[in-house]
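What you are looking at is a predicted structure, and each value in this text was computed from that prediction instead of being measured.
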Amino acid sequence: MTKVVTGAKEFFKGIDQIQFEGLESNNPLAFRWYDGNKIVAGKTMNEHFKFACAYWHSFNGNGADPFGGATHIFPWDEKNDVIERAKAKMDAAFEFITKMQLPYYCFHDVDVVDYCDNVAENERRLQSLVEYAKQKQADSGVKLLWGTANLFSHKRYMNGASTNPDFHVLAHGAAQVKAALDATIALGGENYVFWGGREGYMSLLNTNMKREQEHLAKFLHTAKDYARQQGFKGTFFIEPKPCEPSKHQYDYDAATVKGFLQQYDLLNDFKLNLEVNHATLAGHTFQHELQVAVDNGLLGSIDANRGDYQNGWDTDQFPNDINELTESMLIILEGGGLQGGGVNFDAKIRRNSTDPADLFYAHIGGMDIFARALITADAILQQSDYKKIRADRYASFDSGKGAEFEQGNLSLEDLRNFAAENGEPEMRSGKQEYLENLINRYI
């Protein structure tokens, strides 16, 4: 059990550590499905998920949107001194993380402490908080799943960071990545993420796309080489997203990133960190993106959230769709699980969710829905004819001429002759409705 760690001030008063109470419980501040020590498919739930709290949404996201200012007024933001304010925020973060029994957290550099426009000063500030975080991690047992650098919010990055047409801006991005890598390594971070928030273009009229993508690849190689020289043995993740804030981003979806990594010789060090809402923005299901990653040996980690079907942007809501997650867990389980990463709740409570307990409700719901999906998916794989139906659908390739084709032993003429000799194929059902009902039956 994670040890609860609080600072000089308790920020979430009246809320004790969240416990597993099972399906009979009506306690909204308890897990009904998530039991970290429960073994499913040969591993504990903790091992399957490695749940992580997103530092940015949970402790920086103030509810503001393009139509209105902050609605979440955080008590940890009251101090004027930048370091003391950052330490108070970290006190609140670790209090929440340990009360939730979350084993991991994730951060951007500027989430941890406010940055200014001076490189050396930013490094000093981050290093100060790294030392503070080391003690927090030691006291609680909480670990860093991954770190990253925010290379999209500052005005200098309006045209991107590593793909910026101005080398001076690229160099600033590199300085941030170096500091974020140093922090990640110092805190024992298990992975490092690159999300190209503005690595793309708004108009091709002023863009040399080939040159920008070459710069991106060179930047990733340079950062990777530096981290390896410092002893970092973790995995680097790229997080695909098709657009927003850029019109078109170079990390559009899983297949695009796979092609990019292959072209620029980065496949040995990089895998994918897939986000649900980014998949839907790309016109895919999350299941599709997972399958692309699994099929290419690139499924590293997940940013868990959901979008809103009525909104065409990244709403970052907490996951609650049991069908979507059950289908996703089927892919993850059959694919051998996440490779190095975990399930980070890259999600934020709503603008009008203003009670301190709302952050707990959100994470409890997210962890429970993943746990329920895992249990359901394992039961489907172990007890139903789900796998057999799919196997039978491709049985014609398991022997005879179908197997010869897969082995590359048939010519185009051979295929033509087989078709002519065997007449019209019989119709075979894909059984989609049956399989959809099967999922619901096990849910």
Side-chain angles (χ1 to χ4, degrees), residues 1-13 15-21 29-31 33-40 43-59 76 86-108 111-113 126-148 180 182-193 231-235 301-304 337-338 340-346 359-360 362-364 366-368 370-371 374:
M1 182 184 296
T2 304
K3 178 183 176 183
V4 174
V5 173
T6 59
K9 177 180 179 180
E10 186 176 4
F11 291 98
F12 300 97
K13 292 181 179 179
I15 299 177
D16 297 323
Q17 191 172 59
I18 308 303
Q19 305 294 334
F20 171 74
E21 295 184 4
L29 288 171
F31 299 118
W33 290 90
Y34 176 67
D35 178 359
N37 295 319
K38 180 181 177 66
I39 296 176
V40 180
K43 296 192 294 187
T44 66
M45 287 189 173
N46 276 334
E47 292 170 324
H48 277 290
F49 296 125
K50 296 170 71 172
F51 282 128
C53 177
Y55 209 95
W56 52 100
H57 283 318
S58 295
F59 312 108
W76 50 84
K87 287 182 176 180
K89 179 166 59 177
M90 188 165 284
D91 288 344
F94 273 84
E95 178 188 336
F96 172 79
I97 291 166
T98 54
K99 283 186 173 180
M100 274 301 309
Q101 296 205 59
L102 286 157
Y104 289 90
Y105 70 112
C106 302
F107 65 72
H108 297 86
D111 306 327
V112 174
V113 63
L126 185 58
Q127 180 57 38
S128 177
L129 268 296
V130 164
E131 294 305 314
Y132 199 63
K134 281 182 182 178
Q135 190 59 53
K136 291 286 185 183
Q137 290 183 194
D139 291 344
S140 65
V142 172
K143 300 176 183 178
L144 177 63
L145 184 64
W146 50 257
T148 188
D182 289 340
T184 300
I185 293 168
L187 292 171
E190 297 183 8
N191 309 278
Y192 186 87
V193 167
F232 180 65
K233 299 192 184 329
T235 304
S301 199
I302 291 175
D303 268 10
L338 302 174
V343 177
N344 171 52
F345 287 110
D346 188 6
L359 192 61
F360 286 85
H363 283 81
I364 290 168
M367 295 166 76
D368 261 354
F370 263 92
L374 172 67

Original post:
Looking at residues at least two apart in the chain, or sitting in another chain, which of them share a side chain to side chain contact (heavy atoms under 4.5 Å, CB included) with Gln137?
Top reply: Phe94, Tyr105, Leu144, Leu187
Original post:
Within the distance-only criterion (no hydrogens, no angle test), does the side chain of Gln17 pair as donor or acceptor with the backbone N or O of Thr98 below 3.5 angstrom?
Top reply: yes
**OP:** Heavy atoms only: give me the nearest Gly340-Asn191 pair and the separation to one decimal.
**Re:** O-ND2, 3.0 Å
Subject >> With Tyr104 via side chain to side chain contact (heavy atoms under 4.5 Å, CB included) - residues at least two apart >> reply: Lys50, Ala52, Lys143, Leu145, Glu190
**OP:** State, yes or no, whether a side-chain contact exists between Ser58 and Leu359 at a heavy-atom distance under 4.5 Å.
**Re:** yes
**OP:** Return the set of residues passing salt bridge (charged side-chain N to carboxylate O under 4.0 Å, His left out) with Asp368 (not counting sequence neighbours), or none when no residue passes.
**Re:** none
**OP:** Return yes if some donor-acceptor pair links the side-chain N/O of Thr148 with the main-chain N/O of Val193 below 3.5 Å, else return no.
**Re:** yes
**OP:** Would you check if the side chain of Lys87 reaches a backbone N or O of Ser128 as a donor-acceptor pair within less than 3.5 Å?
**Re:** no
Original post:
Less than 6.0 Å separating the ring centroids of Phe370 and Tyr34?
Top reply: no
Original post:
Does any non-hydrogen side-chain atom of Asp182 lie less than 4.5 Å from one of Val130?
Top reply: no
Original post:
Is there side-chain contact between Pro103 and Phe51, with at least one heavy-atom pair below 4.5 Å?
Top reply: yes
**OP:** For Asp91, enumerate each residue passing the side chain to side chain donor-acceptor pair (under 3.5 Å) test, keeping only those at least two apart in sequence or located in another chain.
**Re:** Tyr132, Lys136
Original post:
For the residue pair Trp76 and Phe59, does the interplanar ring angle fall in the parallel (under 30°), tilted (30 to 60°) or perpendicular (over 60°) class?
Top reply: perpendicular
Original post:
How about Lys3 and Asp139: do any of their side-chain heavy atoms sit closer than 4.5 Å?
Top reply: no
Original post:
Closest approach of Phe96 and Cys53, non-hydrogen atoms and distance?
Top reply: CE2-SG, 4.0 Å
**OP:** Please answer whether the main-chain N or O of Ile39 pairs with a side-chain N or O of Thr44 as donor and acceptor at a distance below 3.5 Å.
**Re:** no
Subject >> Non-neighbouring partners of Ile18 that pass side chain to side chain contact (heavy atoms under 4.5 Å, CB included), sequence neighbours left out >> reply: Ile15, Leu29, Phe31, Met100, Phe360, Ile364
Original post:
Mind checking what makes salt bridge (charged side-chain N to carboxylate O under 4.0 Å, His left out) contact with Glu10, not counting sequence neighbours?
Top reply: Lys99
Subject >> Between Gln127 and Glu131: side-chain donor-acceptor atoms closer than 3.5 Å >> reply: yes
